[in-house]
Amino acid sequence: PPRRSSDLTIPTTNLKPAAQIVCSFTNTLAQPTVQVRKTSNNGVGTFAYAGTNGVAASFNIITATAGTPVSGSVYTVTSTASNVTVTETPPAGWPANPVSASCTDANGTVSGNGASAFGTLAGNVLTILPANLKAGAQIVCSFVNTKPTVQVQKTSTNGIGTFTYALVNMTTTSDSITTAVANTPVNGVANNIVTSAASVVTITETAPSGWPTNPASASCTDSNGAVSGNGASVFGTLVGNVLTIPTTNLKPAAQIVCSF
């Protein structure tokens, strides 16, 4: 059979009578590698990264389908004695920091990292400590960004009709909800927030003819509050027919539902 690169051949000249041959094989695990994997929820875009310690100083990952992860290049770590850092810069209109970022080792059984997640995220910087930069490690770091959304929910009591809404600081400037059954809530479209860092969201309701100008009540909750940090609290300020959501509630991963 053909000789393989892993085969050791002992020539016949060494196969002498009384010989007690000992063959030593030494295997050395490769330097650890790091790969970034990106998932963007509620939108797509080009996310920029800056790495250190062998990870490229500048590279991009483009997501084409919301919720579908995209993997970047594989980089070999330069020194196992120093931290690896990966800094993410999102495209315009996204929260400044990812919702989450952490790493696992695809070769953890061999390297010794096991199956547990590691890496520390502070703001938009993910740090991998030397303790996880083990020989043979194949580290994959997953960054997840989620645009906050706002959805209007309408309930009309003692009647039905088509209610229109003017939206500010959302990707859509208007919405329309038609109630078909009195006292039964109807949901509008969940819209992405354009800028969560500096601008409030306002929702202005216009009622159909024959209805009071202003809603009896309007407020918001976050269906993903346990993740976003909004919790189970009710928020939003109604003045006349205008509901305002403060910037403090426009958190990454928030899924805000405002009930009128």
Side-chain angles (χ1 to χ4, degrees), residues 33-52 54-75 84-104 106 117 119-128 139-152 166-175 187-203 220 222-230 245-258:
T33 60
V34 174
Q35 181 183 38
V36 174
R37 179 174 294 162
K38 180 67 198 175
T39 302
S40 61
N41 295 317
N42 300 331
V44 298
T46 299
F47 295 80
Y49 296 89
T52 63
V55 178
S58 177
F59 63 97
N60 295 331
I61 296 179
I62 301 172
T63 58
T65 304
T68 300
V70 178
S71 296
S73 300
V74 176
Y75 300 103
V84 166
T85 62
V86 181
T87 302
E88 179 185 83
T89 301
W94 286 82
N97 301 327
V99 173
S100 64
S102 62
C103 308
T104 55
T120 302
L121 178 65
N124 64 335
V125 181
L126 177 66
T127 300
I128 309 170
I139 298 170
V140 178
C141 298
S142 298
F143 284 73
V144 178
N145 289 58
T146 302
K147 277 189 173 182
T149 61
V150 174
Q151 182 179 38
V152 177
L167 312 175
V168 174
N169 194 22
M170 285 191 264
T171 51
T172 300
T173 58
S174 64
D175 196 2
N187 291 330
V189 177
N191 292 297
N192 290 337
I193 296 169
V194 176
T195 304
S196 58
S199 301
V200 298
V201 164
T202 63
I203 304 170
C220 307
D222 184 353
S223 62
N224 199 36
V227 174
S228 72
N230 275 326
I245 307 172
T247 57
T248 53
N249 295 111
L250 303 179
K251 302 178 184 295
Q255 297 174 12
I256 298 170
V257 178
C258 297

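Just so it is clear, the values below take in all heavy atoms, side chains as well, and ignore hydrogens, waters and symmetry mates.
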Taking the side chain as everything from C-beta on, heavy atoms only, tell me whether T173 gets closer than 4.5 Å to L167.
no
Heavy-atom nearest pair, P95 first then P90, reads O-CG, 3.2 Å
With a 4.5 Å cut-off on side-chain heavy atoms, are V189 and T172 touching?
no
What distance do K251 atom NZ and N224 atom CG have between them, rounded to the nearest 0.5 Å?
12.5 Å
What are the two closest heavy atoms between T247 and V200, and how far apart are they?
CG2-N, 3.8 Å
Quickly, which of T202, I245, V201 forms a side chain to side chain contact (heavy atoms under 4.5 Å, CB included) with V168? Name it, please.
T202
Pairwise side-chain contact, Y49 with V55, heavy-atom cut-off 4.5 Å (strictly under):
no
Under a 4.5 Å cut-off applied to non-hydrogen side-chain atoms, are S40 and W94 in contact?
yes
Report yes if some heavy atom in the side chain of I193 is under 4.5 Å from a heavy atom in the side chain of N169; otherwise report no.
yes
Take T171 and V194 through the side chain to side chain contact (heavy atoms under 4.5 Å, CB included) test and state the conclusion after the steps.
CA-CA 6 Å; T171 51; V194 176; 4.2 Å; yes
Derivation and outcome, side chain to side chain contact (heavy atoms under 4.5 Å, CB included), residues S142 and T39:
CA-CA 8 Å; S142 298; T39 302; over 6 Å; no
Keeping Q151 on the side-chain end and G188 on the backbone end, is there a donor-acceptor pair under 3.5 Å?
yes
Any side-chain to backbone donor/acceptor pair from N60 onto T46? Under 3.5 Å, distance only.
no
T85 side chain near L126 side chain, heavy-atom distance below 4.5 Å
no
Would you please test Q255 and V227 for side chain to side chain contact (heavy atoms under 4.5 Å, CB included) and show each step?
CA-CA 10 Å; Q255 297 174 12; V227 174; over 6 Å; no
Give me the atom names and distance for the closest heavy-atom approach of P69 to G67.
CD-O, 3.7 Å
Checking N230, N249, T149 against D222 for side chain to side chain donor-acceptor pair (under 3.5 Å), the one that qualifies is N230
Set out, in order, the CA-CA distance, both residues' side-chain angles and the distance that settles side chain to side chain contact (heavy atoms under 4.5 Å, CB included) for N41 and V144, then state yes or no.
CA-CA 8 Å; N41 295 317; V144 178; 3.6 Å; yes
Minimal non-hydrogen separation, V140 against R37, with atom names
CG1-CZ, 3.8 Å
Supply the atom-to-atom distance K147 NZ to N191 CG, rounded to the nearest 0.5 angstrom.
11.5 Å
Under a 3.5 Å distance rule, please check whether S102 uses its side chain to pair with a backbone N or O of G119 as donor and acceptor.
no
Here the pair of heavy atoms bringing L121 nearest to A101 is CD2-N, 3.7 Å
Any side-chain heavy-atom pair from I256 and L250 closer than 4.5 angstrom?
yes
If you define the side chain from C-beta out and look only at heavy atoms, does anything of Y75 sit under 4.5 Å from V84?
no
Indicate the atoms forming the closest heavy-atom contact of P252 with P148, along with that distance.
CA-CD, 4.4 Å
Between atom CD1 of I139 and atom CD of Q35, what is the distance when rounded to the nearest 0.5 Å?
11.5 Å
If we ignore hydrogens and angles and just use 3.5 Å, is the side chain of N42 paired with the main-chain N or O of T146 as donor and acceptor?
no
